[in-house]
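Reminder, nothing fancy here: chain letters follow the sequence lines and each chain counts from 1. Any value given below was found using the heavy atoms of this structure, including those in side chains, with hydrogens, waters and symmetry copies removed. Remember, predicted model here, so these are calculated numbers, not experimental data.
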Amino acid sequence: MKYHLVAAAGAMALGAQGAAAQDLTVTSFGGAYGAAQQEHMIDPYMAESGVNILFEDYGGGVAEMKAQSESGNIQWDVVDIEVIDLERACSEGYVAVIDHSILPPGDDGTPAEEDFIPEALHECGVGNIVWSIIFAHADDAYPDGGPQTIADFFDTEAFPGKRGLRKRPQVNMEWALMADGVAPEEVYELLATEEGQQRAFDKLDTIKDDIVWYDSWSQAPVLLNDGGAQMVQSANGRIFAAIQDEDAPFTMVWDSHVYDLDVWAIMDGTEKEEEALDFIKFATRTVPLSGMQDVAYGPTRKSAQDLLPEEVKQDLPTAHLDEGLKADGVFWADFGESLGEKFNEWLLQ
Amino acid sequence: MGDITASPLTRTEDALGAEDARNAARELRAQRLRAFLFVLPLLIFIAFAFVAPIASMLFRSAYNPTVAELVPASLEAIEDWDGEGRPPDAVLTQFAQDLKRLANDRTSGQLAEEINRFLPGTSSVVKSTARQLRRADDAALAADGPALLLEANDAWGEPGIWRALRKAGQVYSASYYLTALDLETTRDGSIQPRDTRIYLQLYGKTLWMAFIITVLTLVLGYPLAFHMAHSSTAHANFLMVFVLLPFWTSLLVRTTSWIALLQTNGVVNSTLMALGVTNNPLELLYTQFSTIIAMTHILLPFMVLPLYSVMRGIDPSYMRAAMSMGSRPIPAFLRIYLPMSLPGLSAGALLVFIISVGYYITPALVGGTDGQMISNIIAFHMQQSNNWELAAALGSLLLVLIVALYWLYDRFVGAGNIKLG
């Protein structure tokens, strides 16, 4: 009896939100990427299905999912998440398992299982884009030709100037080892050892005085633009947008880039799993995926790649996979925290 | 207080008899109740928004039942193991069965995460083993658990991983506090410094930066407040606008405007270069220097406002009297004015110091590497590494530190000396 009273009072308090409870809440990273998703996935889906979507931004990571899951108050339905975080969200039960057999075939008739690139079909997610972390340099900083390889990035004599890096161990440790001559396929194996970690820190030491640290991707093109750094680490789409939309005199370097996928995942415990699945089925069809070229991220379906003009393909990470290294979500789930601490200690030295 | 109200009451009792005394007492009770009801909303608010979160944070920093709830039977089985070599087969069998259950509930990741904290690299071992055991036959697990476990990953033959499991299984543990103090326990239970040392250094740096910022706001704020307190009301109000206007502007706006000022091609650098002071732009942004300068600017009103309101109340004739009796201006100021302005000074200094110790957003935006403070590391453990227990321990230590500093302050300066107006 008492419980019913409480429930009734709760229902009354939530009455104002009753209408909103019918909507599907989709969360992604915002910015130009969010705008492209809005245009090619969210809006067309709303028009087709009649479902209203609340499209929200978040900063990535698992912390907010953990908070929602632990409090039992699931507010999101669908999340756009990086595979590096998905690994963890999936095994800790924050996102639901997705049956891949429900995915529609590509527009050219290829079955989904063959149409998606293999990494795109994760136990708990369906691939959305392939994106990459590259470095770029300002053209006017190096009139005689800029850095071409990751070793050049660490060569402060041949290429003087500030290097903008994101303040975290991810990617920086991998780059340090590759610049030190380690083959891409051995990077993670080596980084799992004390000696490998020390070798990476030693290599980073050689450019420590020339590094400008930043916190969010949006700062990378800004640093390059205002002269705060002569070369920066960046998500490829950010630099692409600066070149494309603002005619910024930047050059992207694909050597040793570290690529990863973003996938759509469903929050475990949401009441709208059916609707969420329906949205994901729509958003990962061939045509919506091909729209992600707007922000220079590669589509995860081969049939979507076939729709792209030849000159655009060259600007997408999918055209450069053999020059790059796939970010290892399993490695970072193992060593993210301990390397994070060591990295912070190294910064303080 | 009690005495004052009690004495008139006893007198009325004598004069007016028992009936009236009861009425008076009832009236007094009603008044007290009304007064209490007025504060009640605030008390409820404080309880929910302040006391409860802090209490749960303190609790969380030492209490972590995750592993104990996930694999209680395995922890019980491993209790008698001496910590050397491989644990008995019964432990392995029990754990293999537990792991299969966790894999099917999809909670193996939570276990992996916790064990990984004590032995980095273990997360993938736990998860991949769980994946392989998911479809294992129950009977085979019961009969052949150890073999299946070792077949999935030979790391299960090492004692280290089992010690990590046992450590992670402690429901109440001081290990997060030890980590926050750059310490760890060894296998025989003694305490030794950790290999990675960051937190003590950061606490020290945070306190040092807060101290510098407090001194800077004092140096800048004291003369300003003095000038305002001793000029005409119209002039003081005019100046007050310049103190309050930035105070009312959003914190983010003020911080980002410092980015615009200090960046490589920013206002400061281009001015310096135009004046010929320097040929190459100076490196101003993303340093400790930029954190200190931006925070000094942001926290200046907290120093000026209490100083000003206290100084307004100081009668200027005291200074004149001291001077007329032959004191020189500086000794007169030091002996007469400064002690009288001390309450405002203490309040301002304490406010600025305590606020800057816990500052987060400004160091994160303009601080770069060496401008980091302890709150940025707490945020790292909340948002990136998801080690909420360690974040709670670091936060609790910060709280203890501030309370201790306040106590010291009270001993030497006296909390009664604080005055906001």
Exercise for the section: Check the side chains of B:Q110 and A:Y94 for a donor-acceptor pair under 3.5 angstrom, ignoring hydrogens and angles. Expected result: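 Note: A:Y94 and B:Q110 side chains miss the donor-acceptor criterion.
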
Handout entry: B:N387 versus A:E337, side-chain donor and acceptor atoms under 3.5 Å
Key = yes

Chain B heavy atoms under 4.5 Å from [X]: which part of the residue, side chain, backbone, both or neither?
| X | value |
| --- | --- |
| A:V212 | side chain |
| A:E123 | side chain |
| A:A333 | both |
| A:E64 | neither |
| A:V95 | backbone |

Handout entry: Which of B:Q263, B:Q384, B:K205 touches chain A most, by non-hydrogen pairs under 4.5 Å
Key =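 Most heavy-atom pairs within the cutoff with chain A belong to B:Q263.
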
Fill in the blank from the handout: Given B:M382, B:Q383, B:R197, B:R131, the one with more heavy-atom pairs under 4.5 angstrom with chain A than any other is B:R197

Exercise for the section: Applying side-chain contact (heavy atoms from CB on, under 4.5 Å), run through A:Q219 and B:Y286 and close with a yes or a no. Expected result: CA-CA 12 Å; A:Q219 287 167 279; B:Y286 309 119; 3.7 Å; yes

Exercise for the section: Return yes when atom CD of A:E194 has more than 12 non-hydrogen atoms of other residues, nucleotides or ligands closer than 6.0 Å, and no otherwise. Expected result: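 No, not enclosed.
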
Exercise for the section: In plain terms, say whether A:K66 and B:E113 are close enough for a salt bridge, that is, a side-chain N and a carboxylate O under 4.0 Å apart. Expected result: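 No, no charged N to carboxylate O under 4.0 Å.
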
Problem - Check ion pair A:K162-B:E283 (N to O, under 4.0 angstrom) - result: yes

Practice task
Kindly determine whether B:H381 and A:E341 satisfy side-chain contact (heavy atoms from CB on, under 4.5 Å), including the steps that lead there.
Solution key: CA-CA 10 Å; B:H381 283 297; A:E341 280 195 321; 3.9 Å; yes

Practice task
To the nearest 0.5 Å, tell me how far A:E87 CD sits from B:S124 OG.
Solution key: 9.5 Å

Practice task
Work out which heavy atom in B:T122 is nearest to a heavy atom in A:D334; give both atom names and the distance.
Solution key: C-OD1, 4.1 Å

Handout entry: chain A contact via B:T196 - side chain, backbone, both or neither, heavy atoms under 4.5 Å
Key =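 Both parts, backbone and side chain.
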
